[in-house]
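In this text the structure is predicted, and so the values were computed from the model without any measurement. Sequence lines set the chain letters: A, B, ... in the order given, protein chains first and strands last, and positions in each chain run from 1.
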Number of protein chains: 2
Amino acid sequence: MKSLQKVLDIIDKVAETRRAGIRELSSMTGFPPATIHRIVSTLVQRRYFDQDPVTKKYSLSLRFLELGSRVQQQFNLTAIARPHLERLMAETKESVNLAVRDGDEMIYLDHVRSDYSLLQLFTRPGVRVPLNATGVGKVFLSKMSNPDVNSCLERTQPKPRTPYTLTDKIGIQEELSRIRTKGFSIDNEEFEMGVRCVAAPVFDHSGELVAAISISGAAVRISQEKIDHFGKLVKRCSLAVSRELGFDGTNEIFINQEKGD
Amino acid sequence: MKSLQKVLDIIDKVAETRRAGIRELSSMTGFPPATIHRIVSTLVQRRYFDQDPVTKKYSLSLRFLELGSRVQQQFNLTAIARPHLERLMAETKESVNLAVRDGDEMIYLDHVRSDYSLLQLFTRPGVRVPLNATGVGKVFLSKMSNPDVNSCLERTQPKPRTPYTLTDKIGIQEELSRIRTKGFSIDNEEFEMGVRCVAAPVFDHSGELVAAISISGAAVRISQEKIDHFGKLVKRCSLAVSRELGFDGTNEIFINQEKGD
DNA sequence: CGTAAGTGTTCCATAATCCGAAAACACATT
DNA sequence: AATGTGTTTTCGGATTATGGAACACTTACG
């Protein structure tokens with residue numbers, strides 16, 4: 001389906017640039033303006049795109065917000081987790097997030113913002129973050145086999161986001177084995193300076209890892225001593241969600257479950 | 001662009017049904033299975049659709065959540081309004097919503113849930129509601145001319161959602177003129193039994209109506225006496241947002257500004 | 001004020017691309 | 001093993017997308 005490929009290229013480019021004109025899209029994609037115009041005007045007619053009447057530039061319409069909302073609903077995980085996330089926020093006074101893996105990235109499904117903290121990590125549902133530099137991502141890495149982890153790192157070629165970001169294989173392997181022992185992961189200013197996270201896994205009825213829950217907040221408030229306490233709380237919360245999904249084990253299936261190569 | 005029309009038909013149908021197989025889509029759209037398959041497999045390849053490996057059914061992927069999130073960000077309105085919405089929630093202890101008009105419907109951009117109320121109106125960002133039966137929608141109707149209101153009602157043919165829903169032109173015209181006088185609109189169990197809303201308009205720098213903010217909560221808690229007080233609060237809040245958008249008038253531009261036919 | 005440069009938009013002959021009936025395939029269920 | 005479900009592949013034909021070129025319109029500049 002060659003023409004559809006072009007359509008999706010255009011949608012991707014418009015999403016990247018937020019708003020773009022026909023000529024602009026033409027030079028980015030290499031398709032002639034007439035082709036772009038035909039595709040884009042169909043998208044406008046079907047209300048998938050908006051066209052600014054004065055600048056003539058095109059942008060994604062609210063239709064995508066609507067469709068995204070549908071997708072979020074389909075994950076009844078979100079509905080199940082909500083009350084637990086709110087309780088965890090109340091217990092810790094820190095923001096709480098729910099994320100799932102999508103390919104080589106994590107994608108946030110939901111979050112409960114702390115009313116107490118001023119510093120907020122930007123985790124709107126739909127935002128993507130790397131696996132290696134986040135608490136939720138490392139939870140997923142820790143459940144993968146060593147070769148899988150390596151090939152994932154190969155593919156994504158993670159760049160250090162802060163001086164603390166782990167990017168070398170050996171460092172990451174050590175970190176993952178620590179996570180498997182403790183049952184929760186820590187992001188110690190590895191994604192954003194000044195922000196620490198503590199994250200734990202959510203399993204479904206079959207014991208499959210389906211999501212991760214994290215507490216995130218200013219490093220000044222999440223001291224080293226607090227981390228173990230928060231780890232306990234986030235594990236309890238994620239276990240409660242797992243239970244509602246029909247999981248009958250414990251978080252401790254992590255322990256001593258080193259993934260070999 | 002005929003083939004793109006088919007693609008969008010398929011996306012629409014999958015969004016409606018949440019998940020669908022090829023046969024199912026074929027009978028819904030009238031296109032032969034081979035056509036559906038070609039389109040859908042391209043969408044899967046480009047990660048716009050997911051295919052359940054066991055049931056083979058297709059669904060919208062997280063890509064749509066991502067794109068929807070982008071759209072929401074583009075409305076920096078959301079970012080500007082956020083703190084005001086939170087303050088309004090704190091003042092009223094009721095849930096607060098931000099919505100914009102999209103065609104003949106309203107679409108929610110953001111909401112702040114009350115921690116105090118058990119009964120919650122379901123207003124996730126991206127959800128659509130009719131213009132005539134909601135507080136936020138009536139704000140937009142009240143800024144339209146009578147003929148525009150009538151033709152909008154003609155197009156949408158609103159169905160009563162509760163015994164209180166206004167659907168006749170004369171009743172609505174009276175209601176709109178009341179809104180123009182008061183500067184805020186009321187949804188008195190017109191959308192959902194047991195739920196009352198109070199909504200006010202947000203204007204941009206050019207004085208154009210761009211959004212509406214509403215307080216929504218259980219009718220038992222939002223008594224008739226409270227409505228005027230809430231009206232004052234929601235007007236103050238929406239005016240504060242309007243000011244941040246560069247608006248230099250007052251909400252009272254509604255008053256005595258009857259739209260003629 | 002007029003010319004030039006830049007955009008979005010429309011047209012149309014050409015052939016590449018999409019189409020869809022039918023058949024093959026995969027996989028449960030009986 | 002047979003039946004029924006639904007998915008996937010094939011392939012010749014013609015519908016449909018293509019893209020160069022012309023047009024309309026706005027903005028930038030001398």
Quiz item: Counting distance only, does the side-chain N/O of B/Ser26 pair as donor-acceptor with the main-chain N or O of B/Phe31 below 3.5 Å?
Solution: yes
Quiz item: Would you say A/Arg101's side chain and A/Gly103's backbone share a donor-acceptor pair under 3.5 angstrom?
Solution: yes
Quiz item: NA contact type, A/Lys6, heavy-atom cut-off 4.0 Å: base, sugar-phosphate, or nothing?
Solution: sugar-phosphate
Practice problem: Using a strict cut-off of less than 4.0 Å between a Lys/Arg side-chain nitrogen and an Asp/Glu carboxylate oxygen, indicate whether B/Arg63 and A/Asp12 qualify as a salt bridge. | Solution: yes
Quiz prompt | Earlier contact from the 5' end, DNA chain C, for A/Gly21 and A/Leu4 | solution = A/Gly21
Quiz prompt | Under 4.0 angstrom between B/Tyr58 side-chain N/O and D/dG6 OP1 or OP2 | solution = no
Quiz item: Is any side-chain N of the basic residue among B/Asp110 and A/Arg124 closer than 4.0 Å to the acidic one's carboxylate O?
Solution: no
Quiz item: If only atom types and distance count, is the side chain of A/Ser61 paired as donor or acceptor with the main-chain N or O of A/Arg47 below 3.5 Å?
Solution: yes
Quiz item: For the pair made of NZ in A/Lys2 and P in C/dC19, what is the distance, rounded to whole Å?
Solution: 15 Å
Quiz item: In whole angstroms, how far is the C1' atom of C/dT9 from the CD atom of A/Gln45?
Solution: 16 Å
Quiz item: Could B/Asp9 and A/Arg46 be called an ion pair, given the rule that one side-chain N must be under 4.0 Å from one carboxylate O?
Solution: yes
Quiz item: What is the distance from CD1 of A/Ile22 to P of D/dT18, rounded to the nearest Å?
Solution: 13 Å
Quiz prompt | Distance, rounded to the nearest Å, where B/Arg19 contributes CZ and D/dG6 contributes P | solution = 17 Å
Practice problem: Please determine if a side-chain N or O atom of A/Ser3 lies less than 4.0 Å away from the OP1 or OP2 oxygen of C/dC18. | Solution: yes
Quiz item: So, B/Arg161 side chain and B/Phe191 main chain: donor-acceptor pair closer than 3.5 Å or not?
Solution: yes
Self-check item: Donor-acceptor under 3.5 Å (B/Ser59 side chain, B/Arg19 main chain)
Solution: no
Quiz item: Hey, does B/Thr156 have a side-chain heavy atom less than 4.5 Å from the side chain of B/Asn132?
Solution: no
Quiz item: Hey, is the side chain of A/Arg23 pairing donor to acceptor with the base of C/dG6 inside 3.5 Å?
Solution: no
Self-check item: Residues touching DNA chain D, which here means a heavy atom under 4.0 Å, drawn from residues 24-40 of chain B
Solution: B/Ala34, B/His37
Quiz item: Can you give one letter per nucleotide of nucleotides 25-30 of chain C, 5' to 3': B if a protein heavy atom sits under 4.0 Å from the base, S if only from the sugar-phosphate, - if neither?
Solution: ------
Quiz item: Checking all strands, does A/Gln51 fall into the base, sugar-phosphate, or nothing category for heavy-atom contacts under 4.0 angstrom?
Solution: sugar-phosphate
Self-check item: For atom CG of A/Asp9 and atom P of D/dA17, their distance in whole Å
Solution: 17 Å
